[in-house]
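Working notes for the structure below.
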Amino acid sequence: MQDTVRVRFAPSPTGPLHIGGVRTALYNYLFARKNGGKMLLRIEDTDQNRFVPGAEDYIIEALSWIGIQIDEGQGVGGPHGPYRQSERAAIYRAEALRLVEEGKAYYAFDTAEELDEMRKRLEAANAPAAQYNAITRMQMKNSLTLSADEVQTRIDSGAPYVIRLKTPRKEEVRLNDLIRGWVNVHSSAIDDKVLLKSDGLPTYHLANVVDDHLMGITHVIRGEEWLPSAPLHVLLYRYLGWEDTMPRFAHLPLLLKPEGNGKLSKRDAELGGFPVFPLQWQDPFTGNVARGFREDGYLPEALVNFLAFLGWNPGTEQELFTMDELIEAFDIEQIHKAGARFDIVKATWFNHQYLRQQPNAGLAPAVIRQAEAAGLTCSTEKAEKIAGLLKERVNFAHELFTEGQTLFYTPDSYDQAVATAKWNDDARKAVTFFREALLSFDGAFEADVIKHTLSDTLQQAGIKQGKVMQAMRLALTGVGAGPDLMMTMEIIGRDEVLHRLSLALEKL
RNA sequence: GGCCGAUUCGUCUAGCGGUUAGGACACCGCCCUUUCACGGCGGUAACACGGGUUCGAUUCCCGUAUCGGUCACCA
């Protein structure tokens, strides 16, 4: 009988959430929802040196923007709090002490210099691994080599110490990963990890295991960078006496650079001109601003769809998935094992797909905002028409305005190549007649009516429409290509059409 | 370097012993269109290599190569 699924997303508030972290959170969320379970948010802020103000709020806002709902944890509350590890120090300390009492961990007093010396010595001796372990620990200053009195004296005097795990020398540690299957590691490859740091706070390993146990986590879904230390965590569960309720592990493939070697970094984003953070982030220390997917115009549903497909696939040929559809289709065992290159072009395509599905009214504010920023006024009605006219042509909402320049500005010059090729006597005649027809035009100035007026006029004048349409476009917009001309006229209005036609007759 | 993991079109991937190796992005072509896009249709393009196992390997096993991760009092 499987307990209710409980998963957690446990970021460190050391800066803005990386997009890979967002995907990890997403997979956790999909898995939780798919199985009717709970999604927790825990803040792993045990490194006081790397704490960055604002990072925690950023994480919460980013998850909310992307559409991931937290059931329990930081910012939400719940029965297993506090959910910020810095507020749980006493809990970890008690467990670390318990391990010492039970002979599964020990105090160590070595200074940074002494550790450094030890590593150098071992490297010089060509030791297979320069680490603090079952062999080397006996040459160091710790509660296994020092007398009980000496240890007590040091502790009482307030000398700094850490608590290290007494990793067994010869033991096979097995782990059945949901994505990768059985992974075996020999304990000799695991060093005597520090569990409790000299500042009294735990390291990731201890805090993570203790909290996952106390918070009833059933599945640990995290990045592949944790795979090497997963056996250590298994060992910790065993030593803490919690092995029978140990969560299942699933280690996710990493997000790789678009090209070249290595995992996706902030630098790649700068080079490639795309964001790598969900939201814009201003570094509180340097003031530097890093772009965000939200600010760059990505729709959260597009980002979710894109991210979900980086390392996972439903096995069908459907590409577009809403969050609910993803939840329905998600299967953790279908997650790909190898890292995935981050291809922003595909993200753009997803955005295009979702943008064109947006109602015009939802897109209008973006058009208005940009028009106003450019010192123009734009009515809601006009903005909605522009959205309807252009949304299928663009990838981002902000492109509606840039694509729609001719809807805002009277042309002040004309494309020479088009003019040379298309602006002739017939064209001049067509524009003249059409303008005259419009002069006496009354009623609603709408695309289909305009279309009839135009074709009637040209027919009466004996001009083939196809011969002059591009010239007509040139006269109205100054360029040879663009969206539907009738709708363009409707949007700019009769007066402006008349104005532009006269202007063309004058200047062309 | 040690340990762990991975390897199908340029990219994301489907495939879980027998397939013309499928889809999507990108690219190219055609159609649609008064234009440009959108869209539709079509095309180029992949099982890293070498051994096994098997009647038969992209698929299973072992090597090699390559790539990734990790080896902190950071997570």
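Bear in mind that the values here come from a model prediction, so they are computed numbers and not experimental data. Reckoned from all heavy atoms, side chains included, excluding hydrogens, waters and symmetry mates. By convention in this document, chain letters (A, B, ...) are assigned in the order of the sequence lines, proteins followed by strands, and residues within each chain are numbered from 1.
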Under a 3.5 Å limit for both distances, which nucleotide forms a Watson-Crick or G-U wobble pair with [N], could you say?
| N | result |
| --- | --- |
| B:C3 | B:G69 |
| B:U64 | B:A48 |
| B:U59 | none |
| B:G39 | B:C31 |
| B:A24 | B:U11 |

From the list [options], which nucleotide is the closest neighbour of the side chain of [X]?
| X | options | result |
| --- | --- | --- |
| A:Arg180 | B:C4, B:A6, B:G39 | B:A6 |
| A:Met486 | B:U34, B:U70, B:G5 | B:U34 |
| A:Ala189 | B:A6, B:C3, B:C67 | B:C3 |

Ranking A:Pro253 and A:Lys337 by the position along RNA chain B of their nearest nucleotide, the one closer to 5' is A:Lys337
Nearest-nucleotide comparison on RNA chain B, the residue closer to the 5′ end among A:Glu392 and A:Leu310 | A:Leu310
Counting any heavy atom closer than 4.0 Å, what does [X] reach on the DNA or RNA strands: base, sugar-phosphate only, or nothing?
| X | answer |
| --- | --- |
| A:His336 | sugar-phosphate |
| A:Asn208 | nothing |
| A:Ala338 | sugar-phosphate |
| A:Gly262 | sugar-phosphate |
| A:His352 | sugar-phosphate |
| A:Lys467 | nothing |

Report the C-alpha distance between A:Leu501 and A:Met472 in whole Å, list the side-chain angles of each, state the deciding distance to 0.1 Å, and finish with yes or no for side chain to side chain contact (heavy atoms under 4.5 Å, CB included).
-> CA-CA 9 Å; A:Leu501 291 178; A:Met472 188 67 71; 4.3 Å; yes
Taking [M] as the reference, what is the distance to [N] when you measure between their [atom1] atoms (whole Å, please)?
| N | M | atom1 | answer |
| --- | --- | --- | --- |
| B:C60 | B:C47 | C1' | 15 Å |
| B:U11 | B:U44 | C1' | 16 Å |
| B:G43 | B:G22 | C1' | 16 Å |
| B:G42 | B:U34 | P | 24 Å |
| B:G50 | B:A57 | C1' | 15 Å |
| B:A46 | B:G39 | C1' | 28 Å |
| B:U59 | B:G52 | C1' | 15 Å |
| B:C16 | B:C25 | P | 24 Å |

Quick one: side-chain hydrogen bond (donor to acceptor under 3.5 Å, both in side chains) pairs with a partner in residues 474-492 of chain A, sequence neighbours left out?
-> A:Lys385-A:Glu490
Between atom [atom1] in [X] and atom [atom2] in [N], what is the gap in whole Å?
| X | N | atom1 | atom2 | value |
| --- | --- | --- | --- | --- |
| A:Lys464 | B:U35 | NZ | C1' | 19 Å |
| A:Lys451 | B:U33 | NZ | C1' | 10 Å |
| A:Leu232 | B:G69 | CG | P | 21 Å |
| A:Phe309 | B:C12 | CZ | C1' | 10 Å |
| A:Arg222 | B:G5 | CZ | C1' | 15 Å |
| A:Leu227 | B:C4 | CG | P | 11 Å |
| A:Leu389 | B:G39 | CG | P | 16 Å |
| A:Glu259 | B:G68 | CD | P | 14 Å |

Run the ring-centre check on A:Phe274 versus A:Phe342 and record whether the distance is less than 6.0 Å.
-> yes
Verify whether the ring centers belonging to A:Trp312 and A:Tyr27 lie closer than 6.0 Å.
-> no
For the pair [X] and [Y], find out whether any cationic side-chain nitrogen is under 4.0 Å from an anionic carboxylate oxygen.
| X | Y | answer |
| --- | --- | --- |
| A:Glu123 | A:Lys120 | no |
| A:Glu225 | A:Lys263 | no |
| A:Lys464 | A:Asp426 | no |

Extract from the structure each pairing of a protein N or O with an N or O of nucleotides 71-75 of chain B at less than 3.5 Å, listing the distance.
from	atom 1	to	atom 2	distance (Å)
B:C73	OP2	A:Arg164	NH2	3.4
B:C73	O2	A:Ser198	N	2.7
B:C73	O2	A:Ser198	OG	2.7
B:C73	N3	A:Ser198	OG	3.1
B:C73	N4	A:Asp110	O	3.2
B:C74	OP2	A:Lys197	NZ	3.4
B:C74	O2'	A:Asp47	OD2	3.1
B:C74	O2'	A:Arg50	NE	3.3
B:C74	O2'	A:Arg50	NH2	3.2
B:A75	OP1	A:Thr46	OG1	2.9
B:A75	OP1	A:Lys197	NZ	2.7
B:A75	OP2	A:Tyr204	N	3.2
B:A75	O3'	A:Ser12	OG	3.4
B:A75	O3'	A:Glu44	OE1	3.2
B:A75	O2'	A:Ser12	OG	3.2

Distances under 3.5 Å between protein N/O atoms and the N/O atoms of nucleotides 22-32 of chain B, please, pair by pair.
from	atom 1	to	atom 2	distance (Å)
B:G22	O2'	A:Glu317	OE2	2.8
B:G23	O4'	A:Glu317	OE2	3.2
B:A24	O4'	A:Glu319	OE2	2.9
B:A24	O2'	A:Lys346	NZ	3.4
B:A24	N3	A:Lys346	NZ	2.9
B:C25	OP1	A:Trp349	NE1	3.4

Name all residues meeting the side chain to side chain contact (heavy atoms under 4.5 Å, CB included) criterion together with A:Gln139; count only those two or more places apart in sequence or in a different chain, and write none if there are none.
-> A:Arg121
Is there a donor-acceptor contact under 3.5 Å from the side chain of A:Gln470 to the main chain of A:Gly480?
-> yes
All ring pair (Phe, Tyr, Trp, His ring centres under 6.0 Å) counterparts of A:Phe321, not counting sequence neighbours = A:Phe309
Report yes if a donor N or O on one partner sits less than 3.5 Å from an acceptor N or O on the other, where the partners are the side chain of A:Arg341 and the base of B:U11; otherwise report no.
-> no
Results of side chain to side chain donor-acceptor pair (under 3.5 Å) for A:His205 - residues two or more places apart only = A:His233
Measure from NZ or CZ of A:Arg164 to the centre of the six-membered ring of A:Tyr132, then state whether that distance is under 6.0 Å and the direction lies within 45° of the axis.
-> yes
